[in-house]
Amino acid sequence: DDIKYLELTPDIITYSHTMAAAKQVGAWQRVLGLLNQACIQKLQPDGVLYTHAISACANGSRWEHALTLLAAANAVGSLEFHWSSAMTACAQATQW
């Protein structure tokens with residue numbers, strides 16, 4: 001929202017850095033909101049954005065969201081870290 005106020009157009013790199021910062025402070029909901037905003041703006045989320053989102057969900061013990069994101073991440077090319085983060089989310093929630 002602040003970016004819109006300044007009339008700046010965020011790109012994938014902007015979203016990536018913002019999502020990384022939100023993930024670091026445990027704001028998993030904000031990370032998912034940023035991913036959603038990137039999609040609304042017709043930006044093509046890449047593996048890095050999905051990595052941040054899955055990892056944030058793992059940190060927030062949101063295994064259901066992590067698995068949903070894992071499926072979406074596979075469409076852009078799965079990374080080992082996607083699977084690792086999703087497994088971490090499931091393990092923390094004892095969903096094996």
Side-chain angles (χ1 to χ4, degrees):
D1 296 329
D2 293 335
I3 292 174
K4 290 179 187 176
Y5 175 76
L6 297 173
E7 296 185 24
L8 300 174
T9 304
D11 59 10
I12 291 293
I13 295 169
T14 306
Y15 278 104
S16 178
H17 288 289
T18 307
M19 289 171 71
K23 178 182 71 171
Q24 291 296 335
V25 298
W28 66 270
Q29 293 165 318
R30 183 69 176 139
V31 173
L32 295 183
L34 289 164
L35 180 63
N36 187 52
Q37 284 179 8
C39 292
I40 289 170
Q41 290 186 358
K42 307 287 188 226
L43 295 175
Q44 184 68 35
D46 61 5
V48 175
L49 293 189
Y50 281 112
T51 296
H52 289 314
I54 294 169
S55 180
C57 288
N59 293 343
S61 299
R62 303 296 182 199
W63 65 273
E64 303 98 334
H65 294 303
L67 293 180
T68 299
L69 290 167
L70 179 62
N74 282 331
V76 298
S78 180
L79 300 175
E80 237 176 69
F81 191 75
H82 295 152
W83 287 93
S84 175
S85 292
M87 286 188 287
T88 298
C90 290
Q92 288 175 347
T94 63
Q95 295 296 320
W96 284 111

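Note on Val48: it does not cluster hydrophobically with Tyr15, by side-chain heavy-atom contacts below 4.5 Å among ILVMFWY residues. Residues Met19 and Val25 are members of separate hydrophobic clusters, defined by side-chain heavy-atom contacts under 4.5 angstrom among Ile, Leu, Val, Met, Phe, Trp and Tyr.
When each of His17, Lys23, Gln24 is checked for a side chain to side chain contact (heavy atoms under 4.5 Å, CB included) with His52, only Lys23 meets the rule.
The heavy-atom pair separating Leu35 from Tyr50 by the smallest distance is CD2-CE2, 4.0 Å. Of all heavy-atom pairs between Ala53 and Val31, the closest is CA-CG1, 3.6 Å. When all heavy atoms of Ala66 and Ile54 are compared, the closest pair comes out as O-CG1, 4.1 Å.
With hydrogens and angles disregarded, a donor-acceptor distance shorter than 3.5 Å links the side chain of Asp46 to the backbone of Leu49.
Counting heavy atoms from C-beta outward, Leu32 and Leu69 have side chains that approach closer than 4.5 Å.
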